[in-house]
Trainee: 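I have a structure I would like to understand better, so I am pasting it below and will then ask my questions one at a time.
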Amino acid sequence: MKAGKDKVVALHYTLHVDGEKVESSHDNGEPLWILLGHGQLIAGLEKALEEHAAGDEVKATIAPADGYGERQEGQVQRVPKKYFQHAKHLKPGMTTVLALKEGGHRAVTVHKVGMSTIDVDLNHPMAGKTLDFDVSIQEVREATEEEIQHGHAHPPGSAPH
């Protein structure tokens, strides 16, 4: 079976940026389970996985436009500390998650920490970067109706919700 929209893919990946390893699913030993076509992956990686099957090794170089976008200047915003978990531990250069008023979350980079506010760069930390993925596809299967309704994969042994 080949990967595509509404297919569940189990994969291991390693991400390199500028020749440096940034993260890898091998570090925790568990594959990443993804429901393709539901926005769980950046567009470029999802496209690179299409038409591949279990056992395939995929190397994908993702340009910023198909990854986290280009960096945009003027994206520094001052936010009250109360909107951050563990605000007292944040330092310039650290990456953190900001809860959005409209729901959801956004990865941001701490620019400056003040007495009652934190200036953050709203660009995704990987914005403007070319991403090099090494992917090993472990499994490809049809998604269940429940997975499609929920918009994500349910790995084996996961608790129902």
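Residue numbers run from 1 in the order of the sequence given. All of these numbers come straight from a predicted model, not from anything done at the bench.
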Trainee: Quick one: closest heavy-atom pair of P125 and T95, and the distance?
Mentor: CG-CG2, 3.5 Å
Trainee: Working to the nearest 0.5 angstrom, can you tell me the gap between I137 CD1 and K2 NZ?
Mentor: 10.0 Å
Trainee: As an exercise, state the distance from CG of N123 to NZ of K129, rounded to the nearest 0.5 Å.
Mentor: 11.0 Å
Trainee: Hey, could you give me the CG/CG distance between L32 and L11, rounded to the nearest 0.5 Å?
Mentor: 5.0 Å
Trainee: Which side-chain N or O atoms in residues 79-89 pair as donor and acceptor under 3.5 Å with protein atoms at least two apart or in another chain?
Mentor:
unit_1 : atom_1 : unit_2 : atom_2 : d
K81    : NZ     : G114   : O      : 3.0
K81    : NZ     : M115   : O      : 3.3

Trainee: When you measure from the side chain of Q40 to the backbone of I34, do you find a donor-acceptor pair of N or O atoms at a distance under 3.5 Å?
Mentor: no
Trainee: For M126, is there any backbone N or O sitting under 3.5 Å from a side-chain donor or acceptor partner on H124?
Mentor: yes
Trainee: Looking at every non-hydrogen atom in both residues, tell me the closest pair between V110 and V120 and how far apart they are.
Mentor: CA-CG1, 4.4 Å
Trainee: What residues form a side-chain hydrogen bond (donor to acceptor under 3.5 Å, both in side chains) with E142, not counting sequence neighbours?
Mentor: K7
Trainee: Indicate the atoms forming the closest heavy-atom contact of A3 with V9, along with that distance.
Mentor: CB-CG2, 3.8 Å
Trainee: Can you say whether the rings of F133 and Y13 are parallel (under 30°), tilted (30 to 60°) or perpendicular (over 60°)?
Mentor: tilted
Trainee: Using 0.5 Å steps for rounding, measure from the OG1 atom of T14 to the NZ atom of K21.
Mentor: 6.0 Å
Trainee: Heavy atoms only: give me the nearest H38-D6 pair and the separation to one decimal.
Mentor: NE2-OD1, 2.6 Å
Trainee: Quick one: closest heavy-atom pair of R71 and A127, and the distance?
Mentor: CG-O, 3.2 Å
Trainee: How long is the straight-line distance from CG of D66 back to NZ of K47, given to the nearest 0.5 Å?
Mentor: 7.5 Å
Trainee: Which value, rounded to the nearest 0.5 Å, describes the distance between L90 atom CG and H111 atom NE2?
Mentor: 14.5 Å
Trainee: For the pair R141 and E147, find out whether any cationic side-chain nitrogen is under 4.0 Å from an anionic carboxylate oxygen.
Mentor: yes
Trainee: Using side chain to side chain contact (heavy atoms under 4.5 Å, CB included), reason through K5 and L36 one step at a time and then give a plain yes or no.
Mentor: CA-CA 5 Å; K5 182 166 174 41; L36 290 183; 5.8 Å; no
Trainee: If only atom types and distance count, is the side chain of E30 paired as donor or acceptor with the main-chain N or O of S25 below 3.5 Å?
Mentor: no
Trainee: Side chains of residues 53-63: which donor-acceptor partners sit under 3.5 Å, not counting sequence neighbours?
Mentor:
unit_1 : atom_1 : unit_2 : atom_2 : d
D56    : OD2    : H52    : ND1    : 3.1
D56    : OD2    : A53    : N      : 2.9
E57    : OE2    : S136   : OG     : 3.1
K59    : NZ     : D134   : OD1    : 2.8
T61    : OG1    : D132   : OD1    : 2.8

